[in-house]
Amino acid sequence: MHVKKHFYLPILAFLGSVGGLALRKWQLASAFDPISGLPIGGRPASAAMLIFSVFFCGILLWFSIRKEVVTDELQETQKVQPIPTKRPMLVQMSMMASAFLTLIGAFVMIRRFLTKELSPLWLLVGILFVLSAFSVVLRLFKPETGRNALLIPAFTTCIWLMASYQAWAQSPSESEYVFTLLAVVFAMLAHYYLASLSFDRPHTGPASFFCLASVYCALVCLADGQNLETLLLMLSLVLYFIPSVFLLLRDTQTIKEDLPA
């Protein structure tokens, strides 16, 4: 069963995310005041959304870390190393589509800055997303060189979070942007853990969880009526993290080494 984990866990995450998206649409339609945008207390949709999200993310966490060795004593005798295997065509297409959507989203940001719709910070975010898109392509076609560029997406999501929160802080209710916020936060953590794998600091379980948690929140927040660049970037997260988890779980194995005498 563990051998097929790289198949069932991404599929489970995607199907659960679609369910969360449906619940979010129900919540927005029945649990928010249409005029003020404030949440209405006591509505079952809000309770269902909260319970399902916590429960499903708990499932993702359990499946992500249940096979990982976490004790300090065993970590001295074990390490996770990549197994050189070919990437399936569907995985490559998904990652290329992610890079393409990221590039378009970045150009939309830059255009909106040039028309004075966005602050100068968004120009920096747009440029960083252009670099992030090229880092994905570089990793696909030149893995040994691309591994050194894996921190670019992590730094980009950090700046994206800072720029986005300036706009989100003006909202009358945190409920309106909570899933968008969590999607970016989880994406930032996921990128950092994925980057750590290339620098001999493996944390397969947390990397898988943060990737899939970001996928869940990114799909759920599509119900919130995002602007064009956010919509494109959320879809790019989904198209990047699902195949990343597939490759991560498929291409790593635990190698036990003998203790020195």
Side-chain angles (χ1 to χ4, degrees), residues 1-24 52-68 80-102 132 135-137 139-140 143 146 150 153-154 157 179 182-198 202-223 231-254:
M1 188 65 174
H2 176 59
V3 177
K4 298 181 180 180
K5 183 178 179 179
H6 58 280
F7 281 114
Y8 70 75
L9 188 54
I11 293 174
L12 173 66
F14 180 78
L15 294 178
S17 301
V18 173
L21 175 61
L23 282 175
R24 181 63 170 173
F52 177 81
S53 296
V54 172
F55 176 74
F56 184 68
C57 287
I59 290 178
L60 292 179
L61 178 63
W62 185 76
F63 274 112
S64 295
I65 69 174
R66 69 188 182 113
K67 291 292 184 180
E68 188 177 38
V80 178
Q81 293 183 341
I83 306 171
T85 52
K86 294 182 63 176
R87 294 182 176 90
M89 181 60 66
L90 187 60
V91 168
Q92 296 187 47
M93 291 175 60
S94 179
M95 288 189 163
M96 285 297 296
S98 172
F100 180 69
L101 292 179
T102 301
S132 296
S135 73
V136 172
V137 177
R139 190 189 177 200
L140 275 175
L150 287 176
T157 50
F179 285 103
L182 289 175
V184 179
V185 171
F186 286 140
M188 179 179 64
L189 294 171
H191 280 304
Y192 273 113
Y193 273 107
L194 289 176
S196 72
L197 293 170
S198 296
H203 298 281
T204 308
S208 301
F209 169 70
F210 287 125
C211 284
L212 297 178
S214 181
V215 167
Y216 173 76
C217 294
L219 282 176
V220 168
C221 78
L222 296 182
L231 174 64
L232 292 170
L233 293 173
M234 290 299 166
L235 290 175
S236 75
L237 292 180
V238 175
L239 291 173
Y240 181 74
F241 284 142
I242 286 182
S244 292
V245 171
F246 172 85
L247 293 175
L248 178 65
L249 296 177
R250 186 202 67 172
D251 295 353
T252 58
Q253 68 178 359
T254 302

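Quick caveat, the model's predicted, so the values are computed rather than measured.
Residues that satisfy the side chain to side chain contact (heavy atoms under 4.5 Å, CB included) test with L23, not counting sequence neighbours, are W26, A48, M49, F52. Qualifying side-chain hydrogen bond (donor to acceptor under 3.5 Å, both in side chains) partners for S132, counting only residues two or more places apart in sequence or in other chains: T156. The side chain to side chain contact (heavy atoms under 4.5 Å, CB included) check on L222 picks up L21, L219, L231, M234, L235, with sequence neighbours excluded. Residues satisfying the side chain to side chain contact (heavy atoms under 4.5 Å, CB included) criterion with I59, sequence neighbours excluded, are L12, F55, F63. Residues satisfying the side chain to side chain contact (heavy atoms under 4.5 Å, CB included) criterion with L60, sequence neighbours excluded, are L9, A13, F56, F209, L212.
In terms of heavy atoms, V238 sits closest to A218 at CG2-CB, 4.1 Å. Heavy atoms only, all atoms of each residue included: L248 and L194 are closest at CD2-CD2, 4.4 Å. Closest of all the heavy-atom pairs between H203 and S196 is CD2-OG, 4.3 Å. Nearest heavy atoms, L249 versus S208: CD2-OG, 3.5 Å. Heavy-atom minimum distance, R24 versus A223: CG-CB, 3.7 Å.
Judged by distance alone, with hydrogens and angles left aside, the side-chain atoms of S214 form no donor-acceptor pair with the main-chain N or O of F210 at under 3.5 Å.
Counting heavy atoms from C-beta on, the side chains of Y240 and H191 come closer than 4.5 Å. With a 4.5 Å cut-off on side-chain heavy atoms, L101 and L233 do not count as touching.
Y216 contributes atom OH, which lies 10.0 Å from atom CG of L182 (distance to the nearest 0.5 angstrom). Atom CD1 in I11 sits 9.5 Å away from atom CD1 in I242 (nearest 0.5 Å). Atom CG of L189 and atom CZ of F186 lie 7.5 Å apart (nearest 0.5 Å).
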For F14 and V18, what are the C-alpha separation, side-chain angles and deciding distance, and is it a side-chain contact (heavy atoms from CB on, under 4.5 Å)? CA-CA 6 Å; F14 180 78; V18 173; 4.0 Å; yes
Please report, to 0.1 Å, the donor-acceptor pairs under 3.5 Å made by any side chain of residues 88-98, with sequence neighbours excluded.
| residue | atom | partner | partner atom | Å |
| --- | --- | --- | --- | --- |
| Q92 | NE2 | R87 | O | 3.0 |
| S94 | OG | L239 | O | 2.6 |
| S98 | OG | S236 | O | 2.7 |

